[in-house]
Colleague: 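Handing you this structure, nothing more for now.
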Protein chains: 2
Amino acid sequence: MLAEILKKSFDKYFNAPVKAWEEFANFCKPVTFEKDEIIKQQDTTEKYFYFILTGSAGIFLWKENNFVCLDFAFENNFCCDYMSLLLRQSTPLQLVALEKSEMVKIASETFYKLGQTPVGQIIVQISAETSFIEKQQQQIELLTKTAEERYKILYDKFPGIDQRVAQKYIASYLGITPQSLSRIRSTSK
Amino acid sequence: MLAEILKKSFDKYFNAPVKAWEEFANFCKPVTFEKDEIIKQQDTTEKYFYFILTGSAGIFLWKENNFVCLDFAFENNFCCDYMSLLLRQSTPLQLVALEKSEMVKIASETFYKLGQTPVGQIIVQISAETSFIEKQQQQIELLTKTAEERYKILYDKFPGIDQRVAQKYIASYLGITPQSLSRIRSTSK
DNA sequence: GTGATTTTTTACCCTATGGTAATTTTCTTT
DNA sequence: AAAGAAAATTACCATAGGGTAAAAAATCAC
């Protein structure tokens with residue numbers, strides 16, 4: 001069942017064999033989070049790789065009482081402090097549930113071992129590759145689009161995100177203040 | 001010899017076994033480029049993965065007579081249109097030699113096959129992972145630093161870059177105009 | 001449901017950066 | 001070395017978005 005959800009969720013990105021997803025699903029443990037619950041605290045090392053069944057999460061970087069959101073994740077997608085997971089080091093990044101969420105998690109050590117198996121390796125490899133591509137896409141948007149255009153792109157990517165995620169988080173993701181986002185939303189609507 | 005350079009260049013990032021680098025080096029073919037020579041044209045599919053022995057290169061995105069530089073690469077580092085290589089699709093990205101350069105290249109098909117061998121797979125996996133981490137770092141800089149701070153970070157990362165790479169390229173990487181960079185350079189020096 | 005807290009909106013002025021254009025400097029080509 | 005082309009600088013005004021503050025709206029806690 002979980003394996004099917006996983007496969008279905010990722011077939012648009014890449015075709016890992018069913019067997020790979022079954023192997024993956026075998027290691028998954030269910031876990032729930034409340035809204036605003038901190039899943040991974042800053043300056044710790046990521047211990048899990050999560051898949052969101054329902055709800056959402058955000059990756060945050062804090063600097064002196066301020067934060068930016070580096071990415072959002074919603075149902076049927078992975079999330080974690082991927083940088084920490086890969087470097088096996090603590091990072092200043094925080095993973096936060098933005099809504100009441102149901103997820104499954106696999107332990108980081110299991111994730112690493114999965115990378116050594118022929119089938120699981122495909123998932124591990126492609127999750128790194130797609131993560132890179134999405135980050136590069138974000139970089140392109142930051143370099144070539146206005147805040148208003150970036151807002152529209154985000155909204156197209158996650159329709160209804162403004163109903164689910166606090167605007168201050170969206171604003172920080174866009175690289176602007178909540179006030180600016182509010183202005184953009186009022187003039188473009 | 002090449003295997004040693006490769007291993008030495010990347011030991012700071014990750015420890016692939018000598019054998020992996022020897023395997024890698026076996027597939028490398030030397031190639032040279034003139035300054036401003038287009039290595040990969042936009043709207044084509046990346047056919048090679050390059051390692052720079054001397055010189056430098058940049059990845060550019062064009063939009064209506066304008067461009068941004070998404071990344072620079074110098075000697076002892078890889079470069080290519082990695083997104084195109086991974087997706088095996090054409091992209092609007094251009095790879096350009098920024099100086100007269102000596103590189104070695106391995107064919108994309110060989111690179112893919114390398115990912116299926118136990119030793120080469122480590123290099124392929126880790127190149128995706130480090131690429132993601134560096135892109136996320138760039139995103140953080142764009143979201144949290146001023147143009148002037150980003151310039152200093154870039155300069156610290158690549159000392160002397162301003163002597164080797166045209167300022168218009170550096171400015172586009174920073175997300176500002178050449179005029180703004182000129183102003184920043186004159187006031188902060 | 002009521003009060004308290006947090007978030008969003010609105011408004012004001014300010015600053016970093018953009019756009020255009022002209023000038024100077026540097027690089028190319030012969 | 002000279003001429004031409006391209007790049008960098010400077011200057012001017014324009015604008016997107018920031019900072020602060022206060023009001024309004026939404027959410028939370030009891």
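Chain A is the first sequence line, chain B the second, and so forth, proteins listed ahead of strands; every chain is numbered from 1. Small disclaimer: the values here were computed from a predicted structure and weren't measured.
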Colleague: Mind calculating the distance between CG (A:N66) and C1' (D:dG19) to the nearest angstrom?
Modeller: 12 Å

Colleague: Honestly curious: do A:Y82 and A:F78 fall in one hydrophobic cluster under the side-chain, below-4.5 Å linking rule?
Modeller: yes

Colleague: With distance as the sole criterion, do the side chain of A:Q179 and the base of D:dT20 form a donor-acceptor contact below 3.5 Å?
Modeller: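 Checked by distance alone, the answer is yes.
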
Colleague: Check the distance between D:dA7's P and B:Q167's CD and give it to me in whole angstrom.
Modeller: 12 Å

Colleague: A:S182 has a side chain; which of C:dG18, C:dT10, D:dG17 sits nearest to it?
Modeller: C:dT10

Colleague: I need the B:Q137 CD to A:Q139 CD distance, nearest 0.5 Å.
Modeller: 12.0 Å

Colleague: Select one nucleotide: of D:dA8, C:dT17, D:dG19, the one nearest the side-chain heavy atoms of A:R183.
Modeller: D:dG19

Colleague: Name the residue closer to the 5' end of DNA chain C, choosing between B:R150 and A:V165 according to the nucleotide with the nearest heavy atom.
Modeller: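 That would be A:V165.
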
Colleague: Rounded to the Å, how far apart are A:I176 CD1 and C:dA16 P?
Modeller: 19 Å

Colleague: Whole-Å distance between C:dT10 C1' and A:I184 CD1?
Modeller: 15 Å

Colleague: Hey, is the side chain of A:S180 poking within less than 4.0 Å of OP1 or OP2 on D:dG18, counting only N and O atoms?
Modeller: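 Checking A:S180 against D:dG18: at least one side-chain N or O falls below 4.0 Å of OP1 or OP2.
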
Colleague: I need the CZ-P distance between A:R164 and D:dT27, as an integer number of Å.
Modeller: 15 Å

Colleague: A:E129 and A:Q125: side-chain donor and acceptor closer than 3.5 Å?
Modeller: yes

Colleague: Let me know, please, whether B:K168 or A:L181 comes out on the 5' side of the other along DNA chain D by nearest nucleotide.
Modeller: B:K168

Colleague: Looking at B:K152 and B:D156, is any side-chain nitrogen of the basic one under 4.0 Å from a carboxylate oxygen of the acidic one?
Modeller: no

Colleague: Can you tell me if the side-chain N/O atoms of A:T177 get under 4.0 Å from OP1 or OP2 in D:dG18?
Modeller: yes

Colleague: Rounded to the nearest angstrom, tell me the gap between atom CZ in A:R185 and atom P in D:dA25.
Modeller: 15 Å

Colleague: Could you state the CD-C1' distance from B:E149 to C:dA16, rounded to the nearest angstrom?
Modeller: 12 Å

Colleague: Is any NZ, NE, NH1 or NH2 atom of the basic residue among B:E99 and B:K35 found under 4.0 Å from an Asp or Glu carboxylate oxygen of the other?
Modeller: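 Between B:K35 and B:E99 there is no salt bridge, as every charged N stays at least 4.0 Å from the carboxylate O atoms.
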
Colleague: Tell me which nucleotide among D:dA8, C:dG19, D:dG17 gets nearest to the side chain of B:A166.
Modeller: D:dA8

Colleague: What is the distance, rounded to the nearest whole Å, between atom CG of B:L174 and atom P of C:dG18?
Modeller: 10 Å

Colleague: Name the residue closer to the 5' end of DNA chain C, choosing between B:D36 and B:G175 according to the nucleotide with the nearest heavy atom.
Modeller: B:G175

Colleague: Nearest to the side chain of A:A147 - D:dG17, C:dG19, C:dT17?
Modeller: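 Per side-chain heavy atoms of A:A147, the pick is D:dG17.
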
